[in-house]
2 protein chains.
Amino acid sequence: MFTLSEENYLKAIFHLEMMSGTGISTNAIASKLETKASSVTDMVKKLAEKQVLVYKKYQGVSLTKSGKTTAARIVRKHRLWEVFLVEKLNFSWDEVHDVAEQLEHIKSPKLTRELDAFLGFPKTDPHGDPIPDHEGRFDSVEKRLLSSLKENEVGVCVGVDDSSSNFLQYLDKNGISLGEKIEVLSIESFDGSLSIKVAGKVLSISSKIATNIYIQS
Amino acid sequence: MFTLSEENYLKAIFHLEMMSGTGISTNAIASKLETKASSVTDMVKKLAEKQVLVYKKYQGVSLTKSGKTTAARIVRKHRLWEVFLVEKLNFSWDEVHDVAEQLEHIKSPKLTRELDAFLGFPKTDPHGDPIPDHEGRFDSVEKRLLSSLKENEVGVCVGVDDSSSNFLQYLDKNGISLGEKIEVLSIESFDGSLSIKVAGKVLSISSKIATNIYIQS
DNA sequence: AAATATTTTTAGTCTTGTCTAAAAAATTAT
DNA sequence: ATAATTTTTTAGACAAGACTAAAAATATTT
Ligand SMILES: [Mn+2]
Ligand SMILES: [Mn+2]
Ligand SMILES: [Mn+2]
Ligand SMILES: [Mn+2]
């Protein structure tokens, strides 16, 4: 069994390994969890003793098989609860993250199993992220950044990279949501900003925005 | 804002005041929380500083208005989640308590509000206990112990005093559930055991069982 | 009204998870 | 290859929440 703090470390390392492969640095973990490197060193020693990760001084850490499964199950719960909040309790996609951060630590295998069934075994959460199964497996949707499209190409929005309330509200305001068709009308070579057509309306978005939207084409 | 531990103390004191009035002793709190009296003394000092209870050395503690509301809101969440688990996720009434003990600490006013609405604003939980409103108010159902009935009297089961898995499973096994009519056929004067008729069947229950079942007549 | 028993508080210790400051190792620049 | 910089670890401290053992206050007997 893991403490709340241990679970948060495992999840952070899991996400970091997802992005940048194995051998996650103390500093990377510290900045993701908004804590200090020295605290991370202490904690990874403890987690190494519990066999959920391998730690070699000055070399960073890597999750073991068991560590990956444990972390994926927390992510599974996080995303199932996000679906619940949006589908059943009228939350919008920018309101769910903080509550899910709490709910993901509830310990009850039956609860997770039944919640999954109650929601109809969803495959993705409200931000387009895949929901791992009980064993921690999930199929990664093939997707590209909107910024990788060329002029006159089209795609369907299937996810976001940044799930902050700020960014999601910006998307809402501009009619961009999951499943929406996006057409790139033109690209400004000077600053990489795009003119796009979405939901019948033309709008201009910065390159920063375009690198936080995933599309399928 | 209160820590998990502080919330558990507040809830315990709230329940103790419910039963035995004001001025709750250190020992009573300790035994309810399965901790030591010395730990309780430390904690009530802290809670007194936070103005949620009044503490006078050697005199026990009493919740303030604000303490009562805070505690009632935790109880509100506990019971709403119990309803959710039974009504929506196929839990039985003997499986919900431990999970609700975790869920009651989730902090999100919107979540509580929406959950309440999603469940259709239930007035009681799966054990017949009333669900406080946001302000901490709730109407106490008038009810008596089954053991207070005389021979040939009847009542309807409206609650249980003990919500342990053990006891609830015993009730299930014998067809006793909320809303069920119970008729007292005879009372054995030697040990106070009762012969009752419930769901068409006659069965004999000990006096201890009878003092843990609430009925309305 | 003492004496005894019980309850409650205090004093001191421990664990978990965090922090700052300093030391050590690894990396990058000259 | 040395020096400077950055990253990581160690050492020591702290707060929260718990515990044990001992002291103090209260309650109960005789
Ligand atoms: Mn999230
Ligand atoms: Mn999400
Ligand atoms: Mn309960
Ligand atoms: Mn209940």
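Not measured: the values here are computed from a predicted model. A note on names: the letters A, B, ... follow the listed sequences, proteins ahead of strands, and every chain is numbered from 1.
- Rounded to a whole Å, the OH atom of B:Tyr9 is 11 Å from the C1' atom of D:dA16.
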- request: Output, in order, the C-alpha distance, side-chain angles, deciding distance and verdict of salt bridge (Lys or Arg N to Asp or Glu O under 4.0 Å) for A:Lys11 and A:Glu6.
  value: CA-CA 9 Å; A:Lys11 190 167 57 107; A:Glu6 287 170 341; over 6 Å; no

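- The nearest whole Å value for the distance from the CE atom in B:Met43 to the P atom in D:dC19 is 11 Å.
- Of the residues in residues 28-41 of chain A, those placing a heavy atom less than 4.0 Å from an atom of DNA chain C are A:Thr35, A:Lys36, A:Ser38, A:Ser39, in numerical order.
- Checking C:dT8, C:dT9, D:dT7 against the side-chain heavy atoms of A:Asn27 singles out D:dT7 as nearest.
- As rounded to whole Å, 9 Å separates atom P of C:dT16 from atom NZ of A:Lys50.
- Computed from coordinates, the B:Asp42 CG to D:dC19 P distance equals 10 Å when rounded to whole Å.
- Applying the salt bridge (Lys or Arg N to Asp or Glu O under 4.0 Å) rule to A:Arg76 yields the partners A:Asp116; only residues at least two apart in sequence or on another chain are considered.
- The aromatic rings of B:Phe167 and B:Tyr170 sit parallel to each other, their planes meeting at less than 30°, with 60° as the upper class boundary.
- For D:dT10, neither phosphate oxygen OP1 nor OP2 lies less than 4.0 angstrom from any side-chain nitrogen or oxygen of A:Tyr58.
- Taking atom CG on B:Asn8 and atom C1' on D:dA16, their separation rounds to 15 Å, with Å as the unit.
- Formation of a donor-acceptor pair under 3.5 Å by the B:Glu17 side chain with backbone atoms of B:Phe14 is not found in this model.
- For A:Lys88 and A:Phe118, the positive end sits near the middle of the six-membered ring, less than 6.0 Å away and at most 45° from its axis.
- Under 4.0 angstrom from either OP1 or OP2 of C:dA26 there lies no side-chain N or O belonging to A:Lys57.
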Review point. Would A:Arg73 and A:Glu104 satisfy salt bridge (Lys or Arg N to Asp or Glu O under 4.0 Å), going step by step from the backbone distance to the final call?
Key: CA-CA 9 Å; A:Arg73 282 185 188 155; A:Glu104 71 190 3; over 6 Å; no

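- One finds a side-chain N or O of A:Tyr55 lying less than 4.0 angstrom from the OP1 or OP2 phosphate oxygen of D:dT9.
- Atom CD1 of B:Ile24 is separated from atom C1' of C:dT8 by 15 Å (rounded to the nearest Å).
- Across the protein-nucleic acid pair, B:Lys45 atom NZ and C:dT8 atom P stand 14 Å apart, rounded to whole Å.
- For the pair B:Asp162 and B:Leu168, the minimum side-chain heavy-atom distance is 4.5 Å or more.
- For B:Thr3 and D:dA16, the shortest distance from a side-chain N or O to OP1 or OP2 is not below 4.0 Å.
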